[in-house]
Number of protein chains: 2
Amino acid sequence: MAREKIKIKKIDNKTSRQVTFSKRRRGLLKKAQELTVLCDADVALIIFSATGKLFEFASPSMQEMLGKYKHHSNNNLQDDVNEPCLDLQLVEDDEVRLPKEISEKDREMRQLQGHDLQGLTIDELENLESLLHGGLSRVLQTKDEKFGNEISYLQEKGAKLMEENKLLKQQMMMISNGKQLQTMPVEVDDLMNTHEEAGQSSESVTTNMYSCNSGPPTEDDGSDTSLKLGLPFN
Amino acid sequence: MAREKIKIKKIDNKTSRQVTFSKRRRGLLKKAQELTVLCDADVALIIFSATGKLFEFASPSMQEMLGKYKHHSNNNLQDDVNEPCLDLQLVEDDEVRLPKEISEKDREMRQLQGHDLQGLTIDELENLESLLHGGLSRVLQTKDEKFGNEISYLQEKGAKLMEENKLLKQQMMMISNGKQLQTMPVEVDDLMNTHEEAGQSSESVTTNMYSCNSGPPTEDDGSDTSLKLGLPFN
DNA sequence: ACACCTATGTATAAGTT
DNA sequence: TAACTTATACATAGGTG
(Lines give C-alpha, C1' and ligand atoms only; values in the text may rest on other atoms or scores of the structure.)
Protein backbone atom coordinates (compact mmCIF):
# COMPACT_ATOMS: atom_id res chain seq x y z
CA MET A 1 0.00 0.00 0.00
CA ALA A 2 2.83 2.28 -0.46
CA ARG A 3 5.94 2.86 -2.45
CA GLU A 4 5.89 -0.73 -3.43
CA LYS A 5 3.47 -3.59 -3.29
CA ILE A 6 4.41 -6.24 -0.79
CA LYS A 7 3.72 -9.95 -0.58
CA ILE A 8 1.70 -11.01 2.44
CA LYS A 9 4.35 -13.14 4.07
CA LYS A 10 6.45 -12.72 7.17
CA ILE A 11 8.72 -9.70 6.79
CA ASP A 12 12.30 -10.93 6.94
CA ASN A 13 14.02 -7.83 8.22
CA LYS A 14 13.42 -7.59 11.94
CA THR A 15 13.46 -3.81 12.08
CA SER A 16 11.02 -3.20 9.29
CA ARG A 17 8.82 -5.96 10.67
CA GLN A 18 8.66 -4.05 13.92
CA VAL A 19 7.96 -0.79 12.14
CA THR A 20 5.25 -2.32 10.00
CA PHE A 21 3.74 -3.95 13.05
CA SER A 22 3.55 -0.62 14.78
CA LYS A 23 1.93 1.11 11.82
CA ARG A 24 -0.54 -1.60 10.94
CA ARG A 25 -1.45 -2.19 14.54
CA ARG A 26 -2.42 1.43 14.87
CA GLY A 27 -4.38 1.26 11.64
CA LEU A 28 -6.19 -1.88 12.71
CA LEU A 29 -7.16 -0.49 16.10
CA LYS A 30 -8.40 2.68 14.48
CA LYS A 31 -10.53 0.84 11.96
CA ALA A 32 -11.95 -1.41 14.64
CA GLN A 33 -13.01 1.65 16.59
CA GLU A 34 -14.48 3.27 13.48
CA LEU A 35 -16.53 0.17 12.76
CA THR A 36 -18.12 0.27 16.18
CA VAL A 37 -19.07 3.91 15.76
CA LEU A 38 -20.16 3.92 12.14
CA CYS A 39 -22.14 0.69 12.14
CA ASP A 40 -23.16 0.35 15.76
CA ALA A 41 -21.29 -2.95 15.98
CA ASP A 42 -19.55 -4.53 18.94
CA VAL A 43 -15.90 -5.28 18.38
CA ALA A 44 -13.09 -6.83 20.39
CA LEU A 45 -9.55 -6.77 19.06
CA ILE A 46 -6.63 -8.37 20.85
CA ILE A 47 -3.12 -8.11 19.47
CA PHE A 48 0.03 -9.68 20.86
CA SER A 49 3.29 -8.59 19.32
CA ALA A 50 5.87 -11.28 18.61
CA THR A 51 7.58 -10.14 21.78
CA GLY A 52 4.44 -10.71 23.83
CA LYS A 53 3.28 -7.14 24.32
CA LEU A 54 -0.48 -6.74 24.42
CA PHE A 55 -2.60 -4.22 22.53
CA GLU A 56 -6.34 -4.25 22.66
CA PHE A 57 -9.54 -2.51 21.76
CA ALA A 58 -13.03 -3.44 22.80
CA SER A 59 -16.41 -1.84 22.68
CA PRO A 60 -18.42 -1.83 24.85
CA SER A 61 -15.82 -3.54 27.04
CA MET A 62 -13.48 -6.51 26.80
CA GLN A 63 -15.26 -8.29 29.64
CA GLU A 64 -18.61 -7.95 27.98
CA MET A 65 -17.29 -8.88 24.57
CA LEU A 66 -15.60 -12.03 25.81
CA GLY A 67 -18.72 -13.00 27.70
CA LYS A 68 -20.87 -12.39 24.65
CA TYR A 69 -18.45 -14.39 22.54
CA LYS A 70 -18.47 -17.33 24.90
CA HIS A 71 -22.24 -17.25 25.06
CA HIS A 72 -22.42 -17.31 21.30
CA SER A 73 -19.94 -20.15 21.03
CA ASN A 74 -21.86 -22.24 23.51
CA ASN A 75 -25.05 -21.71 21.55
CA ASN A 76 -23.44 -23.14 18.45
CA LEU A 77 -22.47 -26.38 20.13
CA GLN A 78 -25.81 -28.03 19.51
CA ASP A 79 -24.44 -30.55 17.07
CA ASP A 80 -22.15 -32.30 19.50
CA VAL A 81 -23.83 -33.46 22.66
CA ASN A 82 -20.78 -35.34 23.82
CA GLU A 83 -18.76 -32.17 23.86
CA PRO A 84 -18.85 -31.27 27.53
CA CYS A 85 -18.30 -27.56 27.74
CA LEU A 86 -15.96 -25.00 26.32
CA ASP A 87 -14.87 -24.08 29.81
CA LEU A 88 -13.77 -27.57 30.63
CA GLN A 89 -11.93 -27.90 27.38
CA LEU A 90 -10.13 -24.66 27.99
CA VAL A 91 -9.10 -25.79 31.44
CA GLU A 92 -7.84 -29.10 30.18
CA ASP A 93 -5.95 -27.25 27.50
CA ASP A 94 -4.33 -25.13 30.16
CA GLU A 95 -2.99 -28.17 31.89
CA VAL A 96 -1.00 -29.01 28.81
CA ARG A 97 -0.22 -25.56 27.59
CA LEU A 98 0.88 -23.86 30.80
CA PRO A 99 3.74 -26.20 31.74
CA LYS A 100 4.95 -26.00 28.17
CA GLU A 101 4.79 -22.24 28.29
CA ILE A 102 6.71 -22.24 31.54
CA SER A 103 9.54 -24.43 30.33
CA GLU A 104 9.77 -22.36 27.17
CA LYS A 105 10.06 -19.18 29.20
CA ASP A 106 12.64 -20.85 31.42
CA ARG A 107 14.70 -21.67 28.38
CA GLU A 108 14.49 -18.12 27.03
CA MET A 109 15.38 -16.72 30.41
CA ARG A 110 18.39 -18.99 30.76
CA GLN A 111 19.58 -18.00 27.32
CA LEU A 112 19.18 -14.33 28.16
CA GLN A 113 21.46 -15.02 31.09
CA GLY A 114 23.97 -16.67 28.83
CA HIS A 115 23.35 -20.36 29.47
CA ASP A 116 22.58 -23.28 27.13
CA LEU A 117 23.77 -21.35 24.12
CA GLN A 118 25.51 -24.15 22.25
CA GLY A 119 22.51 -25.13 20.16
CA LEU A 120 21.97 -21.64 18.80
CA THR A 121 23.00 -20.35 15.41
CA ILE A 122 25.14 -17.28 15.03
CA ASP A 123 22.05 -15.33 13.95
CA GLU A 124 20.21 -16.33 17.08
CA LEU A 125 23.19 -15.41 19.19
CA GLU A 126 23.33 -12.00 17.59
CA ASN A 127 19.64 -11.53 18.25
CA LEU A 128 20.22 -12.39 21.91
CA GLU A 129 23.13 -10.00 21.93
CA SER A 130 21.01 -7.11 20.72
CA LEU A 131 18.29 -7.90 23.25
CA LEU A 132 20.87 -7.84 26.01
CA HIS A 133 22.40 -4.63 24.74
CA GLY A 134 18.99 -3.00 24.68
CA GLY A 135 18.09 -4.29 28.12
CA LEU A 136 21.38 -3.22 29.58
CA SER A 137 21.17 0.28 28.21
CA ARG A 138 17.65 0.73 29.51
CA VAL A 139 18.62 -0.62 32.91
CA LEU A 140 21.56 1.76 33.07
CA GLN A 141 19.41 4.67 32.01
CA THR A 142 16.83 3.91 34.67
CA LYS A 143 19.53 3.56 37.28
CA ASP A 144 20.97 6.92 36.32
CA GLU A 145 17.57 8.51 36.58
CA LYS A 146 17.13 7.08 40.05
CA PHE A 147 20.52 8.32 41.13
CA GLY A 148 19.56 11.73 39.80
CA ASN A 149 16.32 11.76 41.74
CA GLU A 150 18.11 10.62 44.86
CA ILE A 151 20.60 13.41 44.51
CA SER A 152 17.98 16.09 43.93
CA TYR A 153 16.13 14.84 46.95
CA LEU A 154 19.24 14.92 49.13
CA GLN A 155 20.24 18.35 47.93
CA GLU A 156 16.84 19.69 48.80
CA LYS A 157 16.95 18.02 52.19
CA GLY A 158 20.43 19.35 52.73
CA ALA A 159 19.34 22.88 52.00
CA LYS A 160 16.55 22.55 54.52
CA LEU A 161 18.97 21.21 57.09
CA MET A 162 21.31 24.10 56.58
CA GLU A 163 18.52 26.54 57.22
CA GLU A 164 17.53 24.61 60.31
CA ASN A 165 21.14 24.70 61.36
CA LYS A 166 21.32 28.42 60.88
CA LEU A 167 18.22 28.87 63.00
CA LEU A 168 19.69 26.73 65.74
CA LYS A 169 22.86 28.73 65.76
CA GLN A 170 20.86 31.88 66.18
CA GLN A 171 19.05 30.32 69.13
CA MET A 172 22.39 29.25 70.58
CA MET A 173 23.56 32.80 70.29
CA MET A 174 20.51 33.97 72.18
CA ILE A 175 21.14 31.41 74.92
CA SER A 176 24.76 32.33 75.33
CA ASN A 177 23.61 35.92 75.56
CA GLY A 178 21.83 35.04 78.78
CA LYS A 179 18.28 34.47 77.56
CA GLN A 180 16.35 31.33 78.64
CA LEU A 181 15.32 28.63 76.11
CA GLN A 182 12.12 26.61 76.74
CA THR A 183 12.60 23.49 74.59
CA MET A 184 15.41 22.25 72.44
CA PRO A 185 14.03 21.57 68.92
CA VAL A 186 14.64 18.06 67.61
CA GLU A 187 13.50 18.56 64.01
CA VAL A 188 16.98 17.84 62.73
CA ASP A 189 16.85 14.18 63.73
CA ASP A 190 13.34 13.88 62.36
CA LEU A 191 14.47 15.21 59.06
CA MET A 192 17.37 12.82 58.86
CA ASN A 193 15.20 9.76 59.27
CA THR A 194 12.24 10.42 57.01
CA HIS A 195 13.88 9.12 53.86
CA GLU A 196 14.62 5.42 53.89
CA GLU A 197 15.36 3.67 50.64
CA ALA A 198 17.93 3.08 47.94
CA GLY A 199 20.38 1.31 50.25
CA GLN A 200 24.09 1.71 50.15
CA SER A 201 24.31 3.86 47.07
CA SER A 202 22.88 6.78 48.99
CA GLU A 203 24.94 6.16 52.07
CA SER A 204 28.04 7.93 50.93
CA VAL A 205 25.98 10.95 50.04
CA THR A 206 24.20 10.81 53.35
CA THR A 207 27.53 10.58 55.09
CA ASN A 208 28.66 13.69 53.32
CA MET A 209 25.51 15.37 54.44
CA TYR A 210 26.13 14.45 58.02
CA SER A 211 29.58 15.87 57.83
CA CYS A 212 28.09 19.14 56.70
CA ASN A 213 26.21 19.37 59.92
CA SER A 214 28.30 17.54 62.46
CA GLY A 215 31.46 19.47 61.89
CA PRO A 216 32.44 22.45 63.95
CA PRO A 217 30.04 25.33 63.36
CA THR A 218 31.74 27.27 60.64
CA GLU A 219 31.02 30.86 59.80
CA ASP A 220 28.60 30.69 56.86
CA ASP A 221 26.56 33.67 55.93
CA GLY A 222 23.58 31.47 54.99
CA SER A 223 23.05 33.10 51.61
CA ASP A 224 23.92 29.92 49.70
CA THR A 225 21.44 27.17 50.48
CA SER A 226 22.51 24.62 47.87
CA LEU A 227 24.74 21.80 49.08
CA LYS A 228 28.14 21.26 47.55
CA LEU A 229 28.57 17.51 47.82
CA GLY A 230 31.20 16.85 45.20
CA LEU A 231 28.99 14.32 43.46
CA PRO A 232 30.24 12.23 40.55
CA PHE A 233 26.85 12.28 38.82
CA ASN A 234 25.28 15.43 37.49
CA MET B 1 -12.65 6.84 2.03
CA ALA B 2 -14.21 7.21 -1.18
CA ARG B 3 -16.24 9.59 -3.23
CA GLU B 4 -16.68 11.71 -0.17
CA LYS B 5 -15.14 12.06 3.21
CA ILE B 6 -17.39 10.89 6.01
CA LYS B 7 -17.58 11.82 9.65
CA ILE B 8 -16.92 8.98 12.06
CA LYS B 9 -20.34 8.84 13.63
CA LYS B 10 -23.16 6.37 13.44
CA ILE B 11 -24.48 6.16 9.89
CA ASP B 12 -28.08 7.25 9.90
CA ASN B 13 -29.36 5.40 6.89
CA LYS B 14 -29.93 1.81 7.90
CA THR B 15 -29.21 0.37 4.49
CA SER B 16 -25.96 2.12 3.90
CA ARG B 17 -24.98 1.35 7.48
CA GLN B 18 -25.44 -2.33 6.71
CA VAL B 19 -23.50 -2.00 3.45
CA THR B 20 -20.67 -0.17 5.12
CA PHE B 21 -20.60 -2.72 7.91
CA SER B 22 -20.24 -5.50 5.42
CA LYS B 23 -17.43 -3.80 3.54
CA ARG B 24 -15.49 -2.59 6.51
CA ARG B 25 -15.92 -5.85 8.36
CA ARG B 26 -14.28 -7.68 5.50
CA GLY B 27 -11.50 -5.13 5.35
CA LEU B 28 -10.85 -5.37 9.06
CA LEU B 29 -10.71 -9.17 9.05
CA LYS B 30 -8.35 -9.10 6.10
CA LYS B 31 -6.01 -6.63 7.75
CA ALA B 32 -6.05 -8.58 10.98
CA GLN B 33 -4.97 -11.67 9.08
CA GLU B 34 -2.29 -9.74 7.22
CA LEU B 35 -0.88 -8.45 10.49
CA THR B 36 -0.46 -11.97 11.83
CA VAL B 37 1.37 -13.08 8.74
CA LEU B 38 3.51 -10.02 8.07
CA CYS B 39 4.60 -9.33 11.61
CA ASP B 40 4.40 -12.71 13.28
CA ALA B 41 1.82 -11.35 15.72
CA ASP B 42 -1.06 -13.10 17.44
CA VAL B 43 -4.42 -11.50 16.81
CA ALA B 44 -7.98 -12.14 17.86
CA LEU B 45 -10.82 -10.17 16.33
CA ILE B 46 -14.45 -10.56 17.35
CA ILE B 47 -17.19 -8.62 15.62
CA PHE B 48 -20.88 -8.59 16.43
CA SER B 49 -23.15 -6.83 14.01
CA ALA B 50 -25.88 -4.63 15.44
CA THR B 51 -28.22 -7.55 14.77
CA GLY B 52 -26.08 -9.89 16.87
CA LYS B 53 -24.40 -11.88 14.12
CA LEU B 54 -20.88 -13.01 14.94
CA PHE B 55 -17.80 -12.69 12.79
CA GLU B 56 -14.38 -13.62 14.03
CA PHE B 57 -10.75 -14.14 13.21
CA ALA B 58 -8.02 -15.52 15.44
CA SER B 59 -4.50 -16.70 15.04
CA PRO B 60 -3.26 -19.10 16.28
CA SER B 61 -6.74 -19.93 17.62
CA MET B 62 -9.46 -18.16 19.48
CA GLN B 63 -9.06 -20.46 22.45
CA GLU B 64 -5.39 -19.86 22.78
CA MET B 65 -5.79 -16.14 22.28
CA LEU B 66 -8.42 -15.83 24.99
CA GLY B 67 -6.29 -17.86 27.39
CA LYS B 68 -3.27 -15.75 26.64
CA TYR B 69 -5.28 -12.60 27.07
CA LYS B 70 -6.57 -13.74 30.42
CA HIS B 71 -3.08 -14.46 31.69
CA HIS B 72 -1.87 -11.10 30.58
CA SER B 73 -4.76 -9.45 32.36
CA ASN B 74 -3.93 -11.34 35.52
CA ASN B 75 -0.49 -9.80 35.39
CA ASN B 76 -1.69 -6.25 35.46
CA LEU B 77 -4.73 -6.59 37.70
CA GLN B 78 -3.49 -7.44 41.15
CA ASP B 79 -5.42 -4.57 42.72
CA ASP B 80 -9.01 -5.70 42.26
CA VAL B 81 -8.98 -9.04 43.97
CA ASN B 82 -12.55 -8.60 45.00
CA GLU B 83 -13.94 -9.02 41.53
CA PRO B 84 -14.45 -12.73 40.87
CA CYS B 85 -15.34 -12.27 37.21
CA LEU B 86 -19.01 -12.50 38.03
CA ASP B 87 -21.11 -12.25 34.89
CA LEU B 88 -19.08 -14.83 33.04
CA GLN B 89 -16.94 -17.57 34.39
CA LEU B 90 -14.45 -17.27 31.53
CA VAL B 91 -11.50 -19.45 32.18
CA GLU B 92 -11.88 -19.76 35.93
CA ASP B 93 -8.57 -20.58 37.49
CA ASP B 94 -8.67 -23.91 39.21
CA GLU B 95 -4.93 -23.84 38.83
CA VAL B 96 -3.63 -20.65 40.36
CA ARG B 97 0.01 -21.52 40.65
CA LEU B 98 0.95 -21.92 36.99
CA PRO B 99 -0.50 -18.67 35.68
CA LYS B 100 1.16 -16.86 38.56
CA GLU B 101 4.43 -18.52 37.73
CA ILE B 102 4.09 -17.53 34.12
CA SER B 103 3.29 -13.93 34.82
CA GLU B 104 6.20 -13.77 37.22
CA LYS B 105 8.51 -15.13 34.55
CA ASP B 106 7.07 -12.69 32.04
CA ARG B 107 7.83 -9.85 34.40
CA GLU B 108 11.40 -11.01 34.94
CA MET B 109 11.89 -11.46 31.24
CA ARG B 110 10.56 -8.02 30.48
CA GLN B 111 12.82 -6.52 33.08
CA LEU B 112 15.80 -8.36 31.65
CA GLN B 113 14.92 -6.67 28.40
CA GLY B 114 14.80 -3.31 30.09
CA HIS B 115 11.07 -2.73 30.46
CA ASP B 116 8.90 -1.82 33.46
CA LEU B 117 11.90 -0.82 35.52
CA GLN B 118 10.40 2.15 37.35
CA GLY B 119 9.27 0.17 40.37
CA LEU B 120 12.70 -1.29 41.08
CA THR B 121 15.17 -0.11 43.68
CA ILE B 122 18.69 0.82 42.75
CA ASP B 123 19.88 -2.45 44.28
CA GLU B 124 17.54 -4.44 42.09
CA LEU B 125 18.63 -2.46 39.06
CA GLU B 126 22.25 -3.20 39.79
CA ASN B 127 21.42 -6.86 40.15
CA LEU B 128 19.74 -6.79 36.75
CA GLU B 129 22.73 -4.98 35.36
CA SER B 130 25.12 -7.68 36.50
CA LEU B 131 22.88 -10.41 35.14
CA LEU B 132 22.84 -8.66 31.79
CA HIS B 133 26.58 -8.13 31.82
CA GLY B 134 27.07 -11.81 32.57
CA GLY B 135 24.63 -12.89 29.92
CA LEU B 136 26.08 -10.59 27.35
CA SER B 137 29.63 -11.73 27.96
CA ARG B 138 28.65 -15.39 27.71
CA VAL B 139 26.70 -14.75 24.55
CA LEU B 140 29.64 -12.93 23.04
CA GLN B 141 32.00 -15.68 24.11
CA THR B 142 29.80 -18.34 22.54
CA LYS B 143 29.52 -16.32 19.38
CA ASP B 144 33.28 -15.95 19.23
CA GLU B 145 33.71 -19.68 19.73
CA LYS B 146 31.34 -20.36 16.88
CA PHE B 147 33.16 -17.96 14.66
CA GLY B 148 36.40 -19.63 15.70
CA ASN B 149 35.09 -23.08 14.87
CA GLU B 150 33.87 -21.82 11.55
CA ILE B 151 37.29 -20.40 10.80
CA SER B 152 39.18 -23.52 11.85
CA TYR B 153 36.92 -25.58 9.72
CA LEU B 154 37.44 -23.37 6.73
CA GLN B 155 41.18 -23.29 7.23
CA GLU B 156 41.32 -27.06 7.39
CA LYS B 157 39.20 -27.30 4.28
CA GLY B 158 41.41 -24.78 2.60
CA ALA B 159 44.52 -26.75 3.44
CA LYS B 160 43.00 -29.88 1.98
CA LEU B 161 42.09 -28.00 -1.13
CA MET B 162 45.61 -26.74 -1.52
CA GLU B 163 46.94 -30.26 -1.32
CA GLU B 164 44.38 -31.37 -3.83
CA ASN B 165 45.38 -28.48 -5.98
CA LYS B 166 49.03 -29.42 -5.75
CA LEU B 167 48.24 -32.97 -6.74
CA LEU B 168 46.26 -31.78 -9.73
CA LYS B 169 49.08 -29.60 -10.85
CA GLN B 170 51.43 -32.56 -10.72
CA GLN B 171 48.99 -34.55 -12.81
CA MET B 172 48.79 -31.65 -15.25
CA MET B 173 52.56 -31.71 -15.49
CA MET B 174 52.47 -35.38 -16.30
CA ILE B 175 49.87 -34.77 -19.01
CA SER B 176 51.81 -31.95 -20.60
CA ASN B 177 54.83 -34.25 -20.51
CA GLY B 178 52.98 -36.56 -22.88
CA LYS B 179 51.69 -39.16 -20.44
CA GLN B 180 48.06 -40.33 -20.65
CA LEU B 181 45.56 -39.59 -17.82
CA GLN B 182 42.68 -42.00 -17.23
CA THR B 183 40.10 -39.89 -15.35
CA MET B 184 39.95 -36.30 -14.32
CA PRO B 185 39.33 -36.16 -10.56
CA VAL B 186 36.39 -33.99 -9.44
CA GLU B 187 36.96 -34.05 -5.71
CA VAL B 188 37.58 -30.34 -5.66
CA ASP B 189 33.98 -29.50 -6.47
CA ASP B 190 32.81 -32.05 -3.97
CA LEU B 191 34.88 -30.45 -1.29
CA MET B 192 33.58 -27.01 -2.03
CA ASN B 193 29.97 -27.99 -1.56
CA THR B 194 29.99 -30.15 1.53
CA HIS B 195 29.82 -27.34 4.07
CA GLU B 196 26.63 -25.30 4.09
CA GLU B 197 25.87 -23.12 7.09
CA ALA B 198 26.61 -19.88 8.92
CA GLY B 199 25.29 -17.72 6.10
CA GLN B 200 26.85 -14.45 5.19
CA SER B 201 29.61 -14.44 7.75
CA SER B 202 31.37 -17.28 6.03
CA GLU B 203 30.78 -15.97 2.57
CA SER B 204 33.66 -13.57 2.53
CA VAL B 205 35.93 -16.32 3.78
CA THR B 206 34.65 -18.71 1.19
CA THR B 207 35.21 -16.13 -1.48
CA ASN B 208 38.77 -15.71 -0.33
CA MET B 209 39.17 -19.42 -0.40
CA TYR B 210 38.02 -19.59 -3.96
CA SER B 211 40.50 -16.96 -4.96
CA CYS B 212 43.24 -19.08 -3.43
CA ASN B 213 42.46 -21.83 -5.85
CA SER B 214 41.11 -20.16 -8.92
CA GLY B 215 44.01 -17.84 -9.50
CA PRO B 216 46.84 -18.64 -11.91
CA PRO B 217 48.88 -21.58 -10.61
CA THR B 218 51.60 -19.91 -8.64
CA GLU B 219 54.84 -21.54 -7.66
CA ASP B 220 54.32 -22.67 -4.07
CA ASP B 221 56.66 -25.18 -2.55
CA GLY B 222 53.81 -26.83 -0.59
CA SER B 223 55.59 -26.73 2.74
CA ASP B 224 53.13 -24.29 4.25
CA THR B 225 49.63 -25.80 4.38
CA SER B 226 47.93 -23.19 6.57
CA LEU B 227 45.79 -20.71 4.72
CA LYS B 228 46.41 -17.02 5.01
CA LEU B 229 42.90 -15.64 4.74
CA GLY B 230 43.22 -12.21 6.27
CA LEU B 231 40.41 -12.92 8.71
CA PRO B 232 38.98 -10.20 10.94
CA PHE B 233 38.34 -12.63 13.80
CA ASN B 234 41.17 -14.34 15.57
C1' DA C 1 14.91 3.99 17.72
C1' DC C 2 11.71 7.78 16.20
C1' DA C 3 9.05 11.04 13.73
C1' DC C 4 8.18 12.73 9.46
C1' DC C 5 7.52 12.51 4.36
C1' DT C 6 5.52 11.04 0.11
C1' DA C 7 4.52 8.04 -3.67
C1' DT C 8 1.72 4.39 -4.21
C1' DG C 9 -1.48 0.60 -3.14
C1' DT C 10 -5.90 -0.30 -0.82
C1' DA C 11 -10.25 0.37 1.09
C1' DT C 12 -14.39 2.12 0.47
C1' DA C 13 -18.60 5.84 -0.26
C1' DA C 14 -21.49 6.67 -3.49
C1' DG C 15 -23.21 5.78 -7.88
C1' DT C 16 -24.85 2.39 -11.34
C1' DT C 17 -26.98 -1.74 -12.96
C1' DT D 1 -30.65 -6.44 -1.89
C1' DA D 2 -26.65 -7.22 -3.99
C1' DA D 3 -22.97 -7.00 -7.42
C1' DC D 4 -20.17 -4.05 -9.87
C1' DT D 5 -17.80 0.46 -10.88
C1' DT D 6 -15.27 4.50 -9.93
C1' DA D 7 -13.43 8.42 -7.73
C1' DT D 8 -11.49 9.54 -3.66
C1' DA D 9 -9.73 9.14 1.02
C1' DC D 10 -6.85 6.62 3.67
C1' DA D 11 -3.07 3.47 4.94
C1' DT D 12 1.36 2.52 4.59
C1' DA D 13 6.36 0.91 2.44
C1' DG D 14 10.32 2.77 1.91
C1' DG D 15 12.99 6.69 2.53
C1' DT D 16 15.13 10.72 5.20
C1' DG D 17 16.85 13.55 9.12
Side-chain angles (χ1 to χ4, degrees), chain A residues 1-41 43 45 47 49-57 112 123 126-145, chain B residues 1-41 43 45 47 49-53 55-57 109-118 128 132 136:
Chain A
M1 313 169 172
R3 298 300 182 85
E4 228 170 85
K5 185 181 168 111
I6 57 160
K7 284 242 160 64
I8 299 300
K9 71 179 203 48
K10 177 167 166 177
I11 297 172
D12 290 324
N13 181 287
K14 204 185 142 196
T15 309
S16 61
R17 187 164 70 240
Q18 163 62 29
V19 171
T20 294
F21 174 72
S22 176
K23 289 178 176 180
R24 279 177 171 258
R25 187 194 66 220
R26 243 193 315 254
L28 197 60
L29 289 166
K30 184 179 170 203
K31 277 185 173 294
Q33 185 266 337
E34 289 181 352
L35 187 65
T36 64
V37 176
L38 286 171
C39 307
D40 199 27
V43 175
L45 175 58
I47 305 171
S49 72
T51 58
K53 205 154 155 36
L54 167 67
F55 306 86
E56 60 179 304
F57 167 81
L112 268 178
D123 276 355
E126 289 183 335
N127 186 34
L128 262 187
E129 183 184 341
S130 79
L131 278 180
L132 287 167
H133 269 304
L136 192 53
S137 76
R138 276 184 286 274
V139 166
L140 289 177
Q141 191 189 336
T142 307
K143 200 179 72 169
D144 280 353
E145 281 167 16
Chain B
M1 308 169 177
R3 298 302 182 86
E4 228 170 86
K5 183 185 171 108
I6 57 160
K7 282 242 159 66
I8 300 300
K9 70 181 201 52
K10 179 169 168 179
I11 297 172
D12 290 324
N13 184 290
K14 203 184 144 192
T15 309
S16 63
R17 186 165 71 239
Q18 162 59 30
V19 171
T20 294
F21 175 72
S22 173
K23 288 179 178 179
R24 278 177 172 256
R25 185 193 67 220
R26 224 173 311 145
L28 196 59
L29 288 165
K30 182 180 173 204
K31 277 183 174 294
Q33 187 266 337
E34 288 181 354
L35 187 65
T36 64
V37 176
L38 286 171
C39 306
D40 199 26
V43 175
L45 175 59
I47 305 173
S49 72
T51 59
K53 203 154 155 35
F55 306 86
E56 61 179 305
F57 166 81
M109 194 108 74
R110 283 186 59 70
Q111 291 184 340
L112 268 177
Q113 289 175 48
H115 304 293
D116 308 333
L117 300 177
Q118 283 311 317
L128 263 186
L132 288 167
L136 192 53

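Per chain, numbering begins at 1; letters A, B, ... match sequence-line order.
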Those residues at least two apart in sequence (or on a different chain) that pass side chain to side chain contact (heavy atoms under 4.5 Å, CB included) with A:L131 are A:L112, B:Q113

On a heavy-atom basis, the closest approach of B:R24 and B:I6 is NH2-CD1, 4.3 Å

Here the distance between atom C1' of D:dT1 and atom NZ of B:K14, to the nearest Å, is 12 Å

Looking only at C:dT12, D:dT12, C:dA14, the nucleotide nearest the B:E4 side chain is C:dA14

note: B:L29, atom CG; C:dA11, atom P; distance rounded to Å ~ 12 Å

Those residues at least two apart in sequence (or on a different chain) that pass side chain to side chain contact (heavy atoms under 4.5 Å, CB included) with A:K53 are A:S49, A:T51, A:F55, B:R110

Of all heavy-atom pairs linking B:L136 and A:H133, the shortest is CD2-CE1, 3.6 Å

Ranking C:dA11, D:dA13, C:dA1 by distance to the side chain of A:Q18, first place goes to C:dA1

Practice task
Indicate, yes or no, whether a donor-acceptor pair under 3.5 Å links the base of C:dT12 to the side chain of B:R3.
Solution key: no

B:R17 atom CZ is separated from C:dT12 atom C1', nearest whole Å, by 18 Å

All heavy atoms of A:S130 vs all of A:K14, minimum pair found to be OG-NZ, 4.1 Å

Whole-Å distance, B:L35 CG to D:dA13 P, equals 10 Å

| Does B:R26 make a side-chain N or O approach to OP1 or OP2 of C:dT12 shorter than 4.0 Å? | no

note: B:N13, atom CG; D:dT1, atom P; distance rounded to Å ~ 10 Å

Of the candidates D:dA13, C:dT10, C:dA13, the side chain of A:K5 sits closest to C:dT10

Here the distance between atom P of D:dA13 and atom NZ of A:K9, to the nearest Å, is 14 Å

Separation of D:dA11 atom C1' from A:E34 atom CD, nearest Å, is 11 Å

| Looking across every strand, which nucleic acid part, if any, lies under 4.0 Å from A:S16 by heavy atom: base, sugar-phosphate, or nothing? | nothing

Contact under 4.0 Å: A:K30 side-chain N or O vs D:dC10 OP1/OP2
no

Here the distance between atom P of D:dA9 and atom NZ of A:K31, to the nearest Å, is 14 Å

query = Think A:K23 has a side-chain N or O under 4.0 angstrom from the OP1 or OP2 of D:dG14?
reply = no

